[in-house]
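By convention here, the first residue in the shown sequence is residue 1.
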Amino acid sequence: MEKQRMAVKAMLQEVCSHLNNKMYRLGPDVSNGFCGLHCVRPHKMRTAALAILEYLIGFIALAFFAYLALGRGHSTDEAFVYAFKASSLLAAAELALLLVRKAPANRLILGANFWLIAGGVAAFAEQWWWLRIYQQFGEASLFFAMLLVGVASTLFTPSGFIAKLGPKVSVQRSSLLLLAAVGCALVVAVYFRGNVKYAAVIPVIALSWLNRLLRQRLPSGA
């Protein structure tokens, strides 16, 4: 067992070393007065990696729902209802943690959690008409919830849809860009309805990446 553990550790170290070699590039180093070569991590690749990490951690309730509803074989109405009941509780707990923080909450995660909580309430209250709406629109209903949160936060909060304080014009511009991206994701979800990978997973990761990029590029100051 110890030999297996060491072998796995060595393999992971080799993979990490390979990724580091791919993710770094050569460039001039002037920090010590010598114009030599040093390693610089590409900003875009790091941002994309953080977006994927944010998807895996921040959207844990959504991922839990997908596992319960679709990850255990053929999806059934019973699995759909149970997935909403279970994941809505996790979404409510995550939502409470997001709202007690001083920093503005990620609006995309808020939209996903509101979508899950609404579905959970409908499942517990046996409001099947609401769940039929979810089934009819498929993954697009998730992005519609995000769009509603985006519009409300853009209009009524100083940090906008991107959830970061800054110059009002810049916040509104970035929020409108993210809103347009969510609208595109909704169209993609309609087109690829039923294909979870292309209708939900990839668009959510792309939106997380764009949201992080817009936040990083937002000028500081009011």
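- Under a hydrophobic-cluster definition in which Ile, Leu, Val, Met, Phe, Trp and Tyr are linked whenever side-chain heavy atoms come within less than 4.5 Å, directly or via other members, I60 and L97 are assigned to different clusters.
- Note: F84 and Y134 meet the aromatic proximity criterion, with ring centroids under 6.0 Å apart.
- In this structure, OG in S141 is found 9.5 Å from CZ in R193, a value given to the nearest 0.5 Å.
- Residues that satisfy the side chain to side chain donor-acceptor pair (under 3.5 Å) test with N195, not counting sequence neighbours, are absent from this structure.
- Judged by distance alone, the side chains of S159 and R107 do bring a donor and an acceptor atom under 3.5 Å apart.
- In this structure the side chain of K164 never reaches within 4.5 angstrom of the side chain of L214, judged on heavy atoms.
- Note that NZ of K197 and CD of E139 are 14.0 Å apart. Values are rounded to the nearest 0.5 Å.
- Checked against W115 for a ring pair (Phe, Tyr, Trp, His ring centres under 6.0 Å), the options F65, F59, F143 give a single hit: F65.
- For OH of Y191, the number of neighbouring non-hydrogen atoms (other residues, nucleotides, ligands) closer than 6.0 Å is 12 at most.
- The heavy-atom pair separating L62 from A112 by the smallest distance is CD2-CB, 4.3 Å.
- Considering every non-hydrogen atom in both A91 and N113, the closest pair reads CB-OD1, 3.6 Å.
- L148 contributes atom CG, which lies 12.5 Å from atom CG of L110 (distance to the nearest 0.5 angstrom).
- Clustering ILVMFWY residues whenever any of their side-chain heavy atoms sit less than 4.5 angstrom apart, transitively, puts V171 in the very cluster that holds V151.
- With rounding to the nearest 0.5 Å, the separation of CD1 in I117 from OG in S87 is 9.5 Å.
- For the pair L186 and F144, the minimum side-chain heavy-atom distance is below 4.5 Å.
- Taken from CE in M146 to CD1 in I109, the straight-line distance is 8.5 Å, to the nearest 0.5 Å.
- Scanning all heavy atoms of the two residues, the minimum distance from A163 to P104 falls at O-CB, 3.6 Å.
- Transitive grouping of hydrophobic side chains (ILVMFWY, heavy atoms separated by less than 4.5 Å) keeps I202 and L178 in distinct clusters.
- In summary, the side chains of Q127 and W129 do present a donor paired with an acceptor at a separation below 3.5 Å, with no hydrogens or angles considered.
- Shown here for S153 and G150, the closest heavy-atom pair between the two residues is OG-O, 3.1 Å.
- Connection of L177 to L179 is established within a shared hydrophobic cluster, with ILVMFWY side chains joined at heavy-atom distances below 4.5 Å, either directly or through further cluster members.
- The line from CD1 of I162 to CG of L108 is 11.0 Å long, rounded to the nearest 0.5 Å.
- When all heavy atoms of F64 and A86 are compared, the pair lying nearest together is CE2-CB, 3.9 Å.
- The two atoms that bring L131 and V81 nearest to each other are CD1-CG2, 4.0 Å, heavy atoms only.
- No side-chain heavy atom of N106 sits less than 4.5 Å from a side-chain heavy atom of L98.
- The environment of OH in Y198 is sparse: at most 12 heavy-atom neighbours from other residues, nucleotides or ligands sit within 6.0 Å.
- The shortest distance between side-chain heavy atoms of S88 and V121 does not fall below 4.5 Å.
- In this structure, L207 and N211 have side chains that are not in contact, with every pair of non-hydrogen atoms separated by 4.5 Å or more.
- A continuous path of hydrophobic side-chain contacts links L176 to L210 [ILVMFWY only; heavy atoms under 4.5 Å].
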